[in-house]
Q: 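Sharing a structure, written as structure tokens. Questions coming.
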Amino acid sequence: ILPFGRDLDADLVDQLEEHLYSADIGPRTVGKIMEAVRAAWKNRTIKTTDECFAFLKAHVKGILSGESTALRRAASGPTVVLVAGVNGTGKTTSIAKIANRLKKDGPVILAAGDTFRAAASEQLALWADRIGVRLIRQDKGADPAAVAFDAVEAALSSKAAWLVIDTAGRLHTQENLMAELDKVKRIIRKRIPDAPHETLLVLDATTGQNAISQAVEFGKVLDLTGLVLTKLDGTAKGGAIIGIRDQVKIPVKFVGVGEKVDDLETFDPDGFVEALFE
Amino acid sequence: SLSKGIQSLITRFAGTGKLTEENVKDALREVRLALLEADVNLGVTRAFIERVKTRAMGKEVIEGVNPGQMMVKVIHDELTQLMGGPDAEPIKFAGGGPTVILMAGLQGAGKTTTCGKLAALIRKKHEKSVLLVAADLQRPAAVEQLKVLGAQLGMPVHTETGMTPPSVCERAVARAKAERIDVVILDTAGRLHVDDALMTEVAEVSRRTQPHEVFLVCDAMTGQDAVNSAKAFNDRLPLTGVILTKLDGDARGGAALSVREVTGKPIRFVGLGEKLDKFDVFHPARMADRILG
Ligand SMILES: Nc1nc2c(ncn2[C@@H]2O[C@H](COP(=O)(O)OP(=O)(O)OP(=O)(O)O)[C@@H](O)[C@H]2O)c(=O)[nH]1
Ligand SMILES: Nc1nc2c(ncn2[C@@H]2O[C@H](COP(=O)(O)OP(=O)(O)OP(=O)(O)O)[C@@H](O)[C@H]2O)c(=O)[nH]1
Ligand SMILES: [Mg+2]
Ligand SMILES: [Mg+2]
């Protein structure tokens, strides 16, 4: 991005700021980061482009690290994972990828909690078949809370290790749908007091500043324990998650890097930051 | 809101007679921030600010008119004009034989749902028959998804097995010709603009079906990357327009301006919800209001 080994000047610093914008880091967060860079430059802590990069990477890594990417486990019985997010972000696909990973840990059950969208449960059924895990589903139009309840009962009685619950895509501006999500959470909690043990918000790396609103608003209804950042195999950098960390302390746990079942990685802040500055 | 912000800034210059570089500088900084917060691409934002500055400079501040109001009007008009003329272009129907419409875009943008919406609109507004074509052979249950929508609409869905997407589409167009169906809508798999094999595949679909309309379906909450994907799709396909989806959310939709700037193609329709009737022609002035915030 910036030529190596050059002394910093106003133009280079401006170019750097532009690069931060192009990664979807957003004006507020870019402002804060550049303030730190300009201060370090002014007091001569950093003088060259290399030093500037090192400073920047350390600064952003500092924002993103310090939280575990491991999934929380239930003290006993099945660990329940609830997955939510706006339409088309990659929830269903990510669930298949995550479930496939969890399999070696013990029996996994999936719940087809999207009872609204055309062929939603068919999509998850194909995935469940493909990876060899059991799926709990009901007819289209069923109450998602009823599916969740059924699935929890099945997980308990079959002594499953994991239950991962898919939900329909929804916009955080849709009050009735956010209320529906709250109901699903409460139904699960009623049956297993500590559940859901893990609640993941799935975000699309191509999304801009709206990702922050999504994290904040979904966070009001659900106790979000992790983020899944998908479609990082494209050219979008997913920098919105830095702005998110500014507002809510939710760690990124997984990233999606493709459409196949193995295209899932545990979030690595170092790797993410390196890619951010490529 | 931006309008209020600019009004209050420029009120202090009332009575200076002209909008000058100095007194618009603060206002333009406000606009720049608003556009970046709205996800407008940085380069596009810069070019837009320059144009606004040129248009605003030297404008006589009419007696009794608040310079702030003048500034807001210049910004709003410039953005509206950029987003497209007052009337969205109508669909280009074929002179004879079926009209072919190709839907393309990134994964999860809303293509399949939009195929259903467009089909519903065409039947309602133009009273034409539609054949939906399930050419996404890669996503699990994608064909099933389109079949469910077709069933909801009472419209036929063309499917084939053991064929590549370009061949499915070619066969569907031939069927429409033979059965005298007016419009063919081709649903394609979501793909990354950096996936050369898949970009070649969709270009092949276009080459073999010679569509009358090629729509890039774009999610309204897309950020800075909108310019990258839009440019790539525009390079590989003869795009005739853009459809912006999920506008019922609270994303400001700056991607709309970025895509418009980088492709030069008009935004034709907007998706306003998940149901098939949540679809409308694009209104440039409304979009300008929304982006400016
Ligand atoms: N390239 C890429 N595509 C992805 C990734 N994750 C998901 N997808 C694709 O994104 C599209 C949407 O994925 P879904 O899993 O259906 O998304 P969803 O959030 O469940 O969608 P709704 O239930 O309709 O809200 C599909 O075409 C997926 O194959 C990823 O990491 N990379
Ligand atoms: N709220 C809202 N949701 C929409 C809109 N358009 C599509 N969706 C939803 O967005 C999600 C993705 O829609 P699809 O039609 O499956 O998207 P796609 O582009 O075909 O996805 P791929 O084929 O996987 O690339 C679904 O949950 C749709 O219901 C819209 O205008 N508003
Ligand atoms: Mg889904
Ligand atoms: Mg589709």
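Heavy atoms only: backbone and side chains are in, while hydrogens, waters and symmetry mates are out. Chain A is the first sequence line, chain B the second, and so forth, proteins listed ahead of strands; every chain is numbered from 1.
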Q: In this structure, are over 12 heavy atoms from other groups packed under 6.0 Å from B:K231 atom NZ?
A: no
Q: Would you tell me whether A:T235 and B:D225 have side-chain atoms, one donor and one acceptor, within less than 3.5 Å of each other?
A: yes
Q: Count the heavy atoms of every other residue, nucleotide or ligand shown that sit under 6.0 Å from NZ of B:K147, and state whether that count exceeds 12.
A: no
Q: If you count every heavy atom of other residues, nucleotides or ligands that lies below 6.0 Å from A:N176 atom CG, does the total exceed 12?
A: yes
Q: Begin with the C-alpha distance, continue with both residues' side-chain angles, and end with the deciding distance and a verdict on side-chain contact (heavy atoms from CB on, under 4.5 Å) for B:M221 and A:L171.
A: CA-CA 11 Å; B:M221 61 187 85; A:L171 298 178; 4.2 Å; yes
Q: Please determine whether a side-chain nitrogen of the Lys or Arg among B:E37 and A:R28 lies less than 4.0 Å from a carboxylate oxygen of the Asp or Glu.
A: yes
Q: Could you look at A:V86 and say if it's the side chain, the backbone, both or neither that has a heavy atom under 4.5 Å from chain B?
A: side chain
Q: Of the backbone (N, CA, C, O) and the side chain (C-beta and beyond), which part of B:E274 lies under 4.5 Å from a heavy atom of chain A, both, or neither?
A: side chain
Q: Heavy-atom distance under 4.5 Å to chain A: side chain of B:K275, backbone, both or neither?
A: side chain
Q: Salt bridge check, B:R191 against A:E259: does any charged N sit closer than 4.0 Å to a carboxylate O?
A: no
Q: What are the two closest non-hydrogen atoms of B:Q107 and A:K231, and how far apart are they?
A: O-NZ, 3.0 Å
Q: Would you say the side chain of A:R117 lies within less than 4.5 Å of the side chain of B:Q145, judging by non-hydrogen atoms?
A: yes
Q: Is there a side-chain contact (heavy atoms from CB on, under 4.5 Å) between A:Q174 and B:D248 once you walk through the steps?
A: CA-CA 9 Å; A:Q174 293 165 314; B:D248 46 316; 4.1 Å; yes
Q: With a cut-off of 6.0 Å (strictly less than), are more than 12 heavy atoms of other residues, nucleotides or ligands near NZ of A:K183?
A: no
Q: Between B:D195 and chain A, with a heavy-atom cut-off of 4.5 Å, which part of the residue counts as in contact: side chain, backbone, both or neither?
A: neither
Q: Sort B:N228 into side chain, backbone, both or neither according to what part of it lies under 4.5 angstrom from a heavy atom of chain A.
A: side chain
Q: Taking side chain as everything from C-beta outward and backbone as N, CA, C, O, which of these in A:K140 sits under 4.5 Å from a heavy atom of chain B? Side chain, backbone, both or neither.
A: side chain
Q: Of all of B:A151, B:A38, B:A220, B:A141, which one pairs up most often with chain A through heavy atoms under 4.5 Å apart?
A: B:A141
Q: Report which part of B:R46 has an atom under 4.5 Å of a heavy atom belonging to chain A: side chain, backbone, both, or neither.
A: side chain
Q: Got B:P140 and A:R130 here, is their nearest side-chain heavy-atom distance under 4.5 Å?
A: yes
Q: Take B:L192 and A:D233 through the test side-chain contact (heavy atoms from CB on, under 4.5 Å) and record every step on the way to the result.
A: CA-CA 8 Å; B:L192 293 178; A:D233 46 320; 3.3 Å; yes
Q: What part of B:L42 gets within 4.5 angstrom of chain A, counting heavy atoms only: side chain, backbone, both, or neither?
A: side chain
Q: Looking only at heavy atoms, which two atoms of A:D24 and B:Q224 are closest? And how far apart?
A: OD1-N, 2.8 Å
